[in-house]
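Data block below; observations after.
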Amino acid sequence: MAIPLLLQSDQDAIIAAATASGKTEAAFLPLISSVISKESGSDGTGFDLVYISPLKALINDQFRRLEDLCERLELPVYPWHGDVSASVKARARKQRRGILLITPESLEAMFVLRGLEIPALFGRVEAVVVDELHAMLDTERGIHLRSLLNRLEIATRRRIRRVGLSATLGDMDLARAYLRPGSPDTVEVLRSKSEGQALKLQLRGYMIGASKREDDRASSDQEENQVKPEEVAVERAIAEHIFENLRGTQNLVFAGSRRNVEIYSDLLSSMSEELHLPNEFYPHHANLSRDHRTFVERRLKEAKEPTTAICTSTLELGIDIGDVEAVAQIGAPFSVSSLRQRLGRSGRRAGKPAVLRMYVTEKELQADSHPSDMLRLGLVRSIAMVDLLLEQWCEPPRPDALHLSTLVHQILSVIAERGGAKAAVLFKILCELGPFHLVDADLFSRVLRRMGDPAVALIEQSPDGILLLGRIGERVVEHYGFYAVFQTAEEYRIVSNGKTLGTLPVLTVLAPDMTIIFSGRRWRILAIHDAEKVIEVSRDATGRPPKFGGDGGNIDDTVVRRMRTILAGNDPRKYLDEKAAGLLQEARASFVRLGLEASNIVQIGDGHCLLATWAGTVKNSTMALTLRSEGLMVGNYDGLLDVGADIGRVSDILDQMAVSDAPSGEEIATEIALPATEKFHPYLSPDLLVVDLVASQIESEAIPVMAAQLLEG
DNA sequence: GACCTGCTGCGGGCTG
C-alpha cells in the first residue's frame, strides 16, 4: 500500500501497524527509491530524508537497519543525538546529504545554534518520517515537535511531506490533524489489517486481609513507608505465581511503579536464591544506571538465558528487545493505549499467541468499608480496559491545552534562531501557522509582556521594536539544558564502591545507616554527600523500597463509562480466575445494594453521599473542585465523588448548577492552589499560570450537563 | 493515583 502512495504522490501519510511488522521498511523503501531516482542537482541542498524519533535507542536501532539498506546506494546515513560524537555530527553537517536520524531536542539545538544554516541543511528534504507518532500527540514534547516541523517549512520556504509511524492510534482523525494541522483530509492512512492474532489472557484476583492493628492510618512519611504484613503477604503470593509461571522464558512484568519494580524484583531474586536457582529476574526503570539497563535489554534480546524484566514503561516503546513469551501487568493500568503497546511485545512470532497475565488486588471488606472498596474499582477498571482493548479502542489525545510553557520556550528559540524577531512575526510563526493556535493575540501579548518584565528578563525590546533575548533569557538559552521542553527533577546518585547504581529523587527522607532496596538488591547507606549529590551505599541483608514520587494519570471518560456498564451488567468474563470472578460478583452486588442502578446520588451514611458521575479524571475532578468551591468536603475516586453533606443539600446545589451558566475555569481554579508543573511555568505570572492549568486540567463547560445527569438518575 | 523522554561546547589527557 505504501509503495504506490509514496512513489507516485507527495501526499502525507500515517502508517499504522503492529510493532515489528515492518513499518520502517514500508516507509523507507519507497522513499529511498524516490530519492535515488531523483535527478542529481535538483533544487536546494541538504539531507534527502529526515527520521525523527523520541528515543536515542530507537535511532541506534534504525541506524543499523538503514545502513545495511543503503550501503550499496552511496546514500549516507547519519545518527544525530546527544550520545553521537561531535566528529560524526561534523561530517553530517559538511556532507549534508543522505538520511538524518535525529531527536526533537537535537533538532531544536540546530535551530538555536545554527539558525542560519537551516535552509542549507534541510532545503531539499523529500520527507520527514516521525516514528512512534502516538507518543507525541498532545504532550508538551509533541507540541514542541509540531512547532519544529512547522518552523522547518517556514525556514526552507516549502512544504515538506510528513510520514507518521505508529502501532497504537485511537482516533485517526486527530492523528491526521496532528501530522498536517492545516489540511488533515489530505493525510492518507495506511492501516495494516493483520491484527487477527490470538490472545491468551488471565486476570487473577488477590485479597488483602483486613489489618489487625486498630489504627493503621499513616500520618508521617516515615509511617507511610511502613511495611504492612497483609500487603506483603499478597505481594509474595503474586511473586510466587510469577516465579512458577514465567521462570525459564523471556518475559516482561509491568509492575506499575518504580517502587513496585524494586519490591517484586527483590522478592523474585530472593526466591531464586532460597531455592539455589540462578536468578533470572531483573529490575528495569529510568532511575537505574545505563549499564544495568543495557545489560537487561541485551539478555532479553539475545535470549541465551531465560530473563524476565520487572519494569515500568521504559520497556513499552519500540526499543528492540525481541519477542517475549508473556506480558504481565500488576495492578490496574492507566490507559488502554499503553496496555496495547505493552501487549504488542508478546506473541510476535507467527503462530504464537500473545499472552497477558494481569494481577489485581482488592481489600477484604469490613463493616465500615468505603463504597469505593465495595465496588472493586481497580478490578472493574482492569476489566473495562481489557474490554476496550479487545474492541481495538484506545484513548484520543486531549487537544484543548494552551501549552504556554512550551510557547515561552519556542519564543526564545525563534528569537535565537533569527537573532531577533518582531512580535508580529513570532505570533505568525508560532500561533497562526504553528501549533499554538488556541493562543489569541491578546493572550500572546500578555505572555510577551511578562517575558519582558525586567524582573523576568527573558526578552527585551530594541528601540526599533525587535525582540531580543534578555539578560536571563540569554543565560537560559545558552545552557545546554534548554533544548528539552519537559521538566526533570533534581536527583542524587547512588554509588557503591565507586560504581553508580542509578539515581533517586530528593523526596525521600534518607540518612546514614538506613537500609534501602535499589536495583533489586539491599543496601545500607554509608554517607550522603549533599554537595556532590551522591549517596554512598554498601550491600546489606535488609532494606525497604524507596519512594520515587510521581503524579497521577488521567483516566479517559470512555473507560469510566465502561466501568459503569460492567457494574450494571451480569455477563461473566471468561478470563477471570475464581477469586477475581468472585470479586466482580461482589462489586455488582454492591452496585445494586448502594442503589446506584436507579440513582446517581445516594446517601452513604451520616452527612455523606456518593455522586456517581461516571466521568473520567478531568471532568470528575472539575466537579470535585466546583463542589469544594461551595464549601463542601469532597473525596475523589474513579467516576465517583464522596461529598461531605446530606443528599438534600447536595441536590439543591446541583439543581442550581444545572440551570446556571458554566462557571469559568478561573473561578474554580482560584479556590485551590494549582502547582506549577511544566518547565517554563516558573516564568509565568500567577494569572497566566492559572490560564494554562485551567485549559489542560479543568473542563468547566461540562458542569451544567454533569449536574443535570446526576439529578436524572 | 504513574511512568517516560532529551542535551552542546570546550579543554585536558592520551595515542599514533
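Heavy-atom basis, side chains included; hydrogens, waters and symmetry copies ignored. All values derive from a computational prediction rather than experimental measurement.
Of the side-chain N and O atoms in Thr103(A), one or more sit less than 4.0 angstrom from OP1 or OP2 of dC7(B). Listed pair Arg141(A) / dC7(B) fails the phosphate criterion, with no side-chain N or O lying under 4.0 Å from OP1 or OP2. Proximity of Lys89(A) to the phosphate of dT8(B): a side-chain N or O atom is located under 4.0 Å from OP1 or OP2.
Set against dG6(B), dC3(B), dC7(B), the side chain of Arg258(A) has dC3(B) as its closest nucleotide. Picking from dT5(B), dC7(B), dG9(B) the nucleotide with the shortest atom distance to the side chain of Ala286(A) gives dT5(B). For Glu105(A), whose side chain is taken as the heavy atoms from C-beta onward, the closest listed nucleotide among dT8(B), dT5(B), dC7(B) is dC7(B). Listed candidates were dC7(B), dG1(B), dG9(B). Nearest to the side chain of Arg114(A) is dG9(B). The nucleotide whose nearest atom lies closest to any side-chain atom of Arg381(A) is, among dG1(B), dC3(B), dT8(B), dG1(B). Out of dC4(B), dG6(B), dT8(B), the shortest distance to the side chain of Thr314(A) is found at dC4(B). Counting only heavy atoms from C-beta on, Thr312(A) has its side chain closest to dC3(B) among dC3(B), dT5(B), dC7(B). Of the candidate nucleotides dG6(B), dC7(B), dG1(B), dG1(B) has the atom lying nearest to any side-chain atom of Asp638(A).
Distance Ile555(A) CD1 to dC3(B) P: 14 Å, rounded to the nearest Å. Residue His479(A) contributes atom NE2, which lies 13 Å from atom C1' of dG6(B) at whole-angstrom precision. Here dC3(B) presents its P atom at 18 Å from CG of Leu55(A), a figure rounded to the nearest Å. The nearest whole Å value for the distance from the CG atom in Asp373(A) to the C1' atom in dG1(B) is 14 Å. Regarding His284(A), its NE2 atom lies at a distance of 17 Å from the C1' atom of dA2(B), rounded to whole Å. The nearest whole Å value for the distance from the CD atom in Glu132(A) to the P atom in dC4(B) is 16 Å. The nearest whole Å value for the distance from the NZ atom in Lys547(A) to the C1' atom in dG1(B) is 14 Å. Look at CD1 on Ile52(A): it is 16 Å from C1' on dC7(B), rounded to the nearest Å.
At a threshold of 4.0 angstrom between heavy atoms, the contacts of His285(A) are confined to the sugar-phosphate backbone, with no base atom among them. Within 4.0 Å of Ser106(A), counting heavy atoms only, lie sugar-phosphate atoms of the nucleic acid but no base atom. Looking at heavy-atom distances under 4.0 Å, Arg342(A) makes no contact with the nucleic acid at all. If you check every strand for non-hydrogen atoms under 4.0 Å, Arg290(A) touches nothing.
A salt bridge links Glu117(A) to Arg93(A): one of the charged nitrogens lies within less than 4.0 Å of a carboxylate oxygen. Under the 4.0 Å criterion applied to side-chain N and carboxylate O atoms, Arg151(A) and Glu417(A) are assigned as salt-bridge partners.
For dG6(B), the base is not stacked against the aromatic ring of Tyr483(A), per a cut-off of 5.5 Å between centres and 30° between planes. In this structure, Phe486(A) packs face-to-face on the six-membered ring of dT5(B), meeting both the 5.5 Å centre cutoff and the 30° plane limit.
Annotation: side chain of Asp642(A) is in contact with side chain of His370(A) (closest heavy-atom distance under 4.5 Å). Looking at Ser106(A) and Val84(A), their side chains never come closer than 4.5 Å, going by heavy atoms from C-beta outward.
Aromatic ring centres of Phe486(A) and His144(A) lie farther apart than the 6.0 Å criterion allows.
Taking for each of Gly256(A) and Tyr480(A) the nucleotide of DNA chain B with the nearest heavy atom, the 5'-most of the two is the partner of Gly256(A).
Of all heavy-atom pairs between Ser369(A) and Glu364(A), the closest is OG-O, 4.3 Å.
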